There are 2 protein chains.
Amino acid sequence: MPPARPRLSDVAALAGVSQKTVSNVINDYPHVTERTRLKVEAALRELNYRVNIPARSLASGRTGFIALAVPSLDNPYFSELAVHVMAAAAAYRWTVLIEQTGGSPDAETLVVDGAMPYLVDGIVLHLRSLTPADLRNRSDSTPLVLIGEKTPHHIADYVAGDSVQAAYDLTTHLLRTGRTRVAVIGIERDTRFATSTLRFEGYRRALADAGIDVRDDYVVPVERFQRENGAIAMGSLLALPEPPDAVLCFNDLLALGALSHLNTVGVAVPRDVALAGFDDIDESAYSSPPLTTIAWDTKAIAERAVALLAERLSGDSDSPPREISVDYTVVQRQSTTLS
Amino acid sequence: MPPARPRLSDVAALAGVSQKTVSNVINDYPHVTERTRLKVEAALRELNYRVNIPARSLASGRTGFIALAVPSLDNPYFSELAVHVMAAAAAYRWTVLIEQTGGSPDAETLVVDGAMPYLVDGIVLHLRSLTPADLRNRSDSTPLVLIGEKTPHHIADYVAGDSVQAAYDLTTHLLRTGRTRVAVIGIERDTRFATSTLRFEGYRRALADAGIDVRDDYVVPVERFQRENGAIAMGSLLALPEPPDAVLCFNDLLALGALSHLNTVGVAVPRDVALAGFDDIDESAYSSPPLTTIAWDTKAIAERAVALLAERLSGDSDSPPREISVDYTVVQRQSTTLS
DNA sequence: GCGCGCATTTCCTGCGCTGTAGATCGAGCG
DNA sequence: CGCTCGATCTACAGCGCAGGAAATGCGCGC
C-alpha cells in the first residue's frame, strides 16, 4: 500500500507553516519571504507533493482546461492543427482536451452548449456545419473561439482564412497554366457546410472572370473529405466524354485520393490533368508528384485563437466579437506545374 | 448576465426532493421510483443542469479522465491510434487527455510519475525510450498500461505486437520476391529505443536464415521517424556503389519519404527498388505505388489497453502484470509486388 | 388493524483547495 | 521608545458533489 497522496496540510505541517502559505508558494504569490519559500519547497520535494487539480478547480472556479473541438482527429489537417493548439495553450499553462464532432450539427451544438462530459475554461471549435443563427442562442457562456471559415455574421470571436479568395487564387493559378476544363471535387449537398460553399464561390468567380461557364458535370459532390471519396470522384470525372484537364479538390485528402486514382489508371499528372488541394498537410509535399495546395498559417490560427480565449478569460467578456483573418499562400508544386 | 450554472441543490429545490436524490437520479442509482425520477428529470431539463465535474471528482475520487501519452500527435499512426482509444474509452464514459512525449525519457518519466498538470484515473502510454528498469520505481500508483513494443520484462500491463516477428516476416517477403540486397532505414543510435532495436533484430534473423550477411552500408540511421528522414536516407542508399534492390523502412513515414525521393529521381518502384514499411497508416494505401506494410490491429490495441485499465480500476490492483499480444498482417501492395 | 422488513429518501459530512478577512510581524519615523 | 503602516502569514469558510448512516415510507402477512 503506497502512502496516500500528500495534501497541502501535510506539506504545511512538515514545513511548519499554514496550509495557505504552501498554496501561496505553489501559486507564485509574490509576498512570500525567501526563507519561507525555501522551507516550503523543501517540504514539497520531500513529500513529492502534486496539486489535486479537481480540488483546485472546485475552489478557484478555473479548470485549467480548454477544449479543442474538430471534426475528426484522423484527418491530418486537424491533428497538425491540434499540435499547434497544444503548443499555444502550453504558454498559458492550459491543457487541451480534444473533442471530435464528426462535423455534425448535433455534436457541434453539444460543444457550444457546454454539454461535454467535462468542464473547461474556454472552447476552440473548428466549425463545420453550424450556422451563425444556430450559435445565437447557445445555452452556455464559456468563452468560445471559432476557427474554420470566415463567416459574414458576428456571433463569436473567430480566426479564419478567406476560403473564397484562396479558391479564387488557386483556380486562377490553374487557368494561368493553360488549363481550360477545370473541375471541382468536394461539393457538399448541405449548404450549411461553409467550406464547400465558400470554396465553390471562389472557383465560380475565377471562372467567371476568365469568361468560362461552370459545367455541371465538372462539379462533383462527395460524402466525406477523405482520400477514398477523392479517388471515386476522380474516377467519375475520367469517365466523362470530355474529361477535365485540371481538378480543384476542396482539401488535400480528396486531392491525394484523386492523385492515387490517376496514377493507378496511368493518367499523367500534371501533363494530362493538373491537381490542386487545400490545407497543405505534411503528406502533400511528399506525394508523387507533390501537390499544389493552399497553405493556411495554421500556427497563427492556433496562436491567435488561444490568445483570444486568454483575453476573454482575463475579464473581457463584453466587447464585441473579434474576427481575425489569417494568411495563406498558394504553394505551387509539381501537380500543376513542371517548372 | 446569464444565470449562474445551476447546482444540485437548485434542481432539488425545484423538484421538491433532496439534493442526494437528484444525485442518485443523475448517477442511475437503482432504488429511485419512477415518479421521483421523472420529477427530477423534468427539473434537470428545466434548469439545463450540467454536473460540475471537478466537484464530482473531488467528492468521488474518480476524475473520469484517462491520459493517452504518445510520442507525437502529428504522426498519423498516433492520431489514428488516438481515435481508436477515444472510441474505446467512450464505452467506459472516460474522456481521453492526449499528451505528447516527443519520445523523450524525461517526458515519459513525467507521465509515469503522474506529474502531468492534471489528475487521471489511468494512463495509456506508448513507450518509446523508457526501459523496464526505468519503470520499476515509479513514484505514482495510477494504473498504467503500456503499448508499443513487446518487452521482455514485466513491470506493467502492456498490449503490443511482435515487432521482431513482423520485421522477420516483412524481410522474408522481400527476399521471396527475389530481392537480395535488402537495406534498412530507421536505426536509432540509442539502444533504449526498442522499436528500431527489435525491428532490426527481425531483419537480421531473416537475412541470416536466408544465408545473407548484414551489410553495414545498408543499415541507415535516422534522427526521427519522419518522411523527411526517409527521403534523405534513401538518397544516401542510392549513392552507394551498389545500391540496394529493396528497402525495409521502420515505419511508413520513412518509407513514404523514401518513396517520394525514388519517384523524384526516377528510380522505379518496385522494379528497381522494392519498399516496405510498418504501421499501415491511411496514407500508405494511397501512395504511388501503394505501400507494402505491417498492419497492426490498432483497434484491438486500443480496446485491450482500455479494457486492462478498466480492470485495474475496478479493484484489481494486485494481480501480476498482464501482457497481451495483438495481431498484425503483412499487407502486400505494389511497392513490393506487381501482381 | 398492527408490526415487520425492505425499498426509498434524506441528512450530514468531508473531498483538497483557494479567497477573504484579519492577525502578526518588522521596519521606519517622530 | 512607541506608533503606524505595509509586508507577510494565518484562520476559516465554502466551492458542488457523492458516500454512508439514519430516517421515512410502503407493502405485506398475520
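This structure is a prediction, so every number in the text was calculated from the model and none was measured. Below, chain A is the first sequence line, B the second, and so on; all start at residue 1.
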Participant: Looking for any heavy atom pair under 4.0 Å, which part of the strands does B:Leu8 touch: base, sugar-phosphate only, or nothing?
Facilitator: sugar-phosphate
Participant: NA contact type, A:Thr21, heavy-atom cut-off 4.0 Å: base, sugar-phosphate, or nothing?
Facilitator: base
Participant: Any ion pair linking A:Arg138 and A:Asp113 (charged N to carboxylate O, less than 4.0 Å)?
Facilitator: no
Participant: Select one nucleotide: of C:dT10, D:dA18, D:dG16, the one nearest the side-chain heavy atoms of B:Ser60.
Facilitator: D:dA18
Participant: Any side-chain donor paired with an acceptor under 3.5 Å for A:Asn24 and A:Thr21?
Facilitator: no
Participant: Contact class for A:Tyr29 vs. all strands (heavy atom < 4.0 Å): base, sugar-phosphate, or nothing?
Facilitator: nothing
Participant: Taking atom types as modelled, find out whether A:Gln19 and A:Ser9 have a side-chain donor-acceptor pair closer than 3.5 angstrom.
Facilitator: no
Participant: Would you tell me whether B:Asp121 and B:Thr63 have side-chain atoms, one donor and one acceptor, within less than 3.5 Å of each other?
Facilitator: yes
Participant: Nearest whole angstrom, please: distance from the P of C:dT9 to the CG of B:Leu38.
Facilitator: 12 Å
Participant: Any chance the side chains of A:Ser104 and A:Arg128 put a donor and an acceptor closer than 3.5 Å?
Facilitator: no
Participant: Want to settle it: does B:Ala59 or B:Val22 sit nearer the 5' end of DNA chain C, counting the closest nucleotide to each?
Facilitator: B:Val22
Participant: Out of C:dC17, D:dC17, D:dC9, which has the shortest distance to the side chain of B:Tyr49?
Facilitator: D:dC17
Participant: Could you tell me whether the phosphate oxygens of C:dT10, OP1 or OP2, come under 4.0 Å of any side-chain nitrogen or oxygen in B:Ser18?
Facilitator: yes
Participant: Could you state the CG-P distance from A:Asn52 to C:dT18, rounded to the nearest angstrom?
Facilitator: 10 Å
Participant: Closest nucleotide of DNA chain D for A:His31 versus for A:Gln19: which of these residues is on the 5' side?
Facilitator: A:His31
Participant: Rounding to a whole Å, what distance do you find between A:Lys20:NZ and C:dG16:P?
Facilitator: 18 Å
Participant: Could you tell me the separation between the CG atom of B:Leu125 and the CG atom of B:Leu135, rounded to the nearest 0.5 Å?
Facilitator: 7.5 Å
Participant: I want to check one thing: is the phosphate of D:dC17, taken as OP1 and OP2, less than 4.0 Å away from some side-chain N or O of B:Arg56?
Facilitator: no
Participant: Nearest-Å distance, CD1 (B:Ile53) to C1' (D:dG16)?
Facilitator: 11 Å
Participant: May I have the distance from A:Arg5 (atom CZ) to C:dG16 (atom P), rounded to whole angstrom?
Facilitator: 10 Å
Participant: To the nearest Å, give me how far apart CD (A:Glu34) and P (D:dA7) are.
Facilitator: 18 Å
Participant: Does a nitrogen or oxygen in the side chain of B:Asn24 sit under 4.0 Å from OP1 or OP2 of C:dT9?
Facilitator: no
Participant: Counting only side-chain heavy atoms from C-beta out, which of D:dG16, C:dT18, D:dA18 sits nearest to B:Ser23?
Facilitator: D:dA18
Participant: Between A:Arg50 (CZ) and C:dC17 (P), how many Å, whole number?
Facilitator: 13 Å
Participant: Which of the following nucleotides, D:dT8, D:dA18, C:dT10, is nearest to the side chain of B:Asn27?
Facilitator: D:dA18
Participant: Any side-chain N or O of A:Thr33 less than 4.0 Å from the OP1 or OP2 oxygen of D:dC9?
Facilitator: yes
Participant: Rounded to whole angstroms, how far apart are CZ on A:Arg7 and P on C:dC15?
Facilitator: 7 Å
Participant: Which is true for A:Thr36 with a 4.0 Å heavy-atom rule: it touches a base, it touches only sugar-phosphate, or it touches nothing?
Facilitator: sugar-phosphate
